[in-house]
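One structure below.
Letters go in sequence order (proteins before strands), and every chain restarts at 1.
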Amino acid sequence: MSHNNFYITTPIYYPSGKPHMGHAYSSILADVFARFKRIDNFNVHFLTGTDEHGLKIQKAAEKDKSDTLVYCNKISKTFKDLSVKLNLSNNDFIRTTEKRHFASVNEIWNRLVTSGDIYLSTYKGWYSVSDEAYYNSDEITDKNGKKVSTFSGSPVEWMEEESFFFKLSKWQDKLLEFYEKNKDFIHPITRRNEVINFVKGGLKDLSVSRTSFTWGIPVPNNKKHVIYVWLDALANYLSALNFPNINDKLYKTFWPASLHVIGKDILRFHAIYWPAFLLAAKIEPPLRIYSHGWILSGDEKMSKSKGNILNPLEIIAKYGIDQLRYYLMKEVSHGSDGNISLINLEKCINSDLANNYGNLCQRVFSFIKNNCKSRVVKNKNLSKEDLNLISKTNKLTINLKAFMNNNDLNNYIKSTIEISFLTNKYINDEEPWKLKKTDIDKMNNILHLCLEQIAKISILLNPVIPIATTKVLEALKVSSKSKNLSFIKNNAIIDNDITLGDLNILFQKIN
RNA sequence: GGCGGGGUAGCUCAGUUGGUUAGAGCGCAGGACUCAUAAGCCUGAGGUCGGUGGUUCGAUCCCACUCUCCGCUACCA
């Protein structure tokens, strides 16, 4: 992959339930990175999709009295719809029930067999039918003479079943070496440390096939077995690039992936299993895994019984997608769990979007419409105050790329909205309304700089709030070509002689 | 239990490689202005920087102990 290509993915979602805020967060996060890279001149490929493998899906379909694939079509669509509602700019949407994915998983499996990393043996352990889970002997207690799971209390029985295993143990040292060589492979650092710690504790071989159900990709040459969900699911990142056709343009351009955005609950699969599978299959591992935290509501995980569920679709319907995107990206702090609430969402919309950025646009556009017939001509040199504003703005933009490269959206947004603060203050200090009758040229210059500032903020916020900023940039006659980071510091995004398009209120205030 | 990360203004957090008055945003109080979505701007109130002890001329920042919260600790994903 050359330096100007950027391949970013969300997890593929498991549609056993309805899309929730966690899905929305992962997707928006990835979308913001994707959009940012695009305005930073990268050739971006952005992938999302659904994982439709396994017993839960199979059972849900039975319960629904549907054919399993028909059922999958239905629930996968809810996620595809969500990606539209979230205004994702994904280039592709992959489903694990697609042909291209079968081909890719088969190839990986065969490569692992050929390399000697997969062998047939027996899986033994305490199995709970109701939990669909195996437990270790230290997770089992005696209750009335019966063995039960310490966690769920459900009865367990000793099971032995034939299973294929992946020689994960063999990759322990190689993984540690890989982490050491690739310091940025796992973000944030605390997650990286956890993973390394875990691997150092020793890796057991991994059971990579199941015989208890059929809804999945069969093991080549042994139809009794279905390939383990993660070996199946992770391969989607390759399938979407038309692997195993390694001469395909997509594959050649975009592999290895630049960034897998995931939630912390699936970190192990991405940070340990995935590179191990790939190294064993002689495929280059991705460059980075970014593991974000959970979205909590009032300090607690959202749950039906607590009645604290915040449904992304309802919030979008009530407040708007730009609003939700901005709030999540600004408030959920980098890498850790984030508490969200409607009260804080409303505060955030009012203070940053309506009162600050939105009102800045409004006051400048209205002023120019009412006093200059929507036309502004820059015709003087910059004043000391102008230069001061520009230099402060440039200072704020210096670190923006670094913030993004560090997956630090919070600081990116804080710095950007700070430009809006500065510009609002500049208008108050310069008082262009007082110059109407005394110095029209100076007034024009001030207004022109305000527009320039608005253009900068709009470009910078475009990855986060694409709808509103696009409206502003259109009204400013900024071409899509100029919608680019490289124009920010030149202070010459808009024309010197500009006639503004109309701009309505961007963000309604919430009372 | 083991390993790791926190505890700083009402809330969310930043910060100090130890050094005179500890910062931001939101919220709150007051003021001047009026182009704007009664938005924006200025000023202010508010913190013994979890607790105790130690090192030091000096610690919120270093060390020890302690209280407390959280994360990870493999086959559900």
Side-chain angles (χ1 to χ4, degrees), chain A residues 11 13-14 16 51 53-56 123 125 127-128 130-136 139 151-152 163 165-166 168 188-210 228-230 233 263-269 272-273 291 293-294 299 330-341 343-344 346-348 350-371 410-411 413-414 417-418 420-421 423-436 443 446-447 450 504-511:
Chain A
Y13 302 115
Y14 197 68
S16 58
D51 169 18
H53 161 289
L55 188 59
K56 272 186 194 160
Y123 193 89
Y127 187 76
S128 156
S130 58
D131 298 350
E132 290 169 24
Y134 274 98
Y135 293 103
N136 288 329
E139 296 166 329
F151 300 116
S152 63
S163 173
F165 283 83
F166 172 73
L168 188 61
I189 300 283
T190 54
R191 297 290 169 213
R192 174 187 145 86
N193 294 339
E194 281 174 13
V195 168
I196 290 174
N197 202 20
F198 181 87
V199 174
K200 278 184 179 164
L203 294 175
K204 284 192 285 189
D205 288 353
L206 181 71
S207 159
V208 288
S209 74
R210 298 288 187 270
Y228 171 57
V229 60
W230 280 106
K264 66 180 183 185
D265 47 333
I266 54 174
L267 176 61
R268 179 180 313 143
F269 310 105
I272 300 172
Y273 298 177
S291 161
W294 285 328
D299 270 330
K330 189 192 175 200
E331 290 276 304
V332 177
S333 59
H334 180 219
S336 45
D337 292 350
N339 277 305
I340 61 169
S341 69
I343 290 175
N344 286 334
E346 292 181 355
K347 265 188 199 167
C348 176
N350 282 346
S351 58
D352 281 16
L353 297 178
N355 294 349
N356 216 299
Y357 171 67
N359 185 56
L360 171 65
C361 295
Q362 199 58 35
R363 71 194 296 203
V364 174
F365 271 71
S366 298
F367 189 95
I368 294 171
K369 191 175 180 184
N370 296 334
N371 298 286
N410 312 128
N411 276 317
I413 291 175
K414 272 179 202 159
I417 204 72
E418 183 78 25
S420 183
F421 283 42
T423 308
N424 267 318
K425 177 172 164 51
Y426 168 82
I427 300 176
N428 279 59
D429 292 347
E430 293 300 298
E431 302 180 306
W433 47 91
K434 282 191 180 164
L435 299 171
K436 251 185 287 184
M443 183 185 85
I446 289 165
L447 295 172
C450 289
N504 295 319
I505 283 181
L506 294 170
F507 299 100
Q508 211 64 52
K509 250 194 108 156
I510 297 151
N511 293 311

Just the rounded figure in Å: distance from [atom2] of [N] to [atom1] of [X].
X       : N       : atom1 : atom2 : value
F367(A) : rU37(B) : CZ    : C1'   : 18 Å
L206(A) : rC76(B) : CG    : P     : 11 Å
N359(A) : rA39(B) : CG    : P     : 9 Å
I272(A) : rA77(B) : CD1   : P     : 15 Å
Q508(A) : rU37(B) : CD    : P     : 10 Å
D265(A) : rC70(B) : CG    : C1'   : 16 Å
L353(A) : rG25(B) : CG    : P     : 17 Å
K347(A) : rG25(B) : NZ    : C1'   : 11 Å

Using the [atom1] atom as the point on both nucleotides, what is the distance between [M] and [N], in whole Å?
N       : M       : atom1 : answer
rG1(B)  : rG10(B) : C1'   : 38 Å
rU8(B)  : rG51(B) : P     : 10 Å
rA24(B) : rG18(B) : C1'   : 23 Å
rG19(B) : rC61(B) : P     : 11 Å
rA45(B) : rG25(B) : P     : 15 Å
rA29(B) : rC67(B) : C1'   : 36 Å
rU12(B) : rU20(B) : C1'   : 30 Å
rG2(B)  : rU60(B) : P     : 30 Å

TODO: Would you state whether a donor and an acceptor, one from the side chain of N428(A) and one from the base of rG40(B), lie under 3.5 Å apart?
DONE: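 Yes, a donor-acceptor pair under 3.5 Å.
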Open item on the list: Is the phosphate of rC42(B) approached by K425(A) (side-chain N or O, under 4.0 Å from OP1 or OP2)?
Closed with: yes
TODO: Name all stems that contain residues of RNA chain B, defined as runs of 3 or more consecutive Watson-Crick or G-U wobble pairs, both distances under 3.5 Å.
DONE: B:1-7 with B:67-73, B:10-13 with B:23-26, B:28-31 with B:41-44, B:50-54 with B:62-66
Open item on the list: In terms of relative ring orientation, are Y357(A) and F507(A) parallel, tilted or perpendicular, with 30° and 60° separating the classes?
Closed with: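 The rings of Y357(A) and F507(A) sit tilted, inter-plane angle from 30° to 60°.
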Open item on the list: Quick check on RNA chain B: between E331(A) and Q362(A), whose nearest nucleotide comes earlier from the 5' end?
Closed with: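 Nearest-nucleotide comparison on RNA chain B picks E331(A).
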- [ ] Report yes or no: is the ring centroid of W433(A) under 5.5 Å from the six-membered base ring centroid of rC35(B), with the two planes under 30 degrees?
- [x] yes
Task: Check: L168(A) main-chain N/O paired with D205(A) side-chain donor or acceptor under 3.5 Å - done: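 A pair under 3.5 Å: yes.
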Task: Residue pair Y273(A), W230(A): steps toward the ring pair (Phe, Tyr, Trp, His ring centres under 6.0 Å) verdict - done: CA-CA 8 Å; Y273(A) 298 177; W230(A) 280 106; 7.9 Å; no
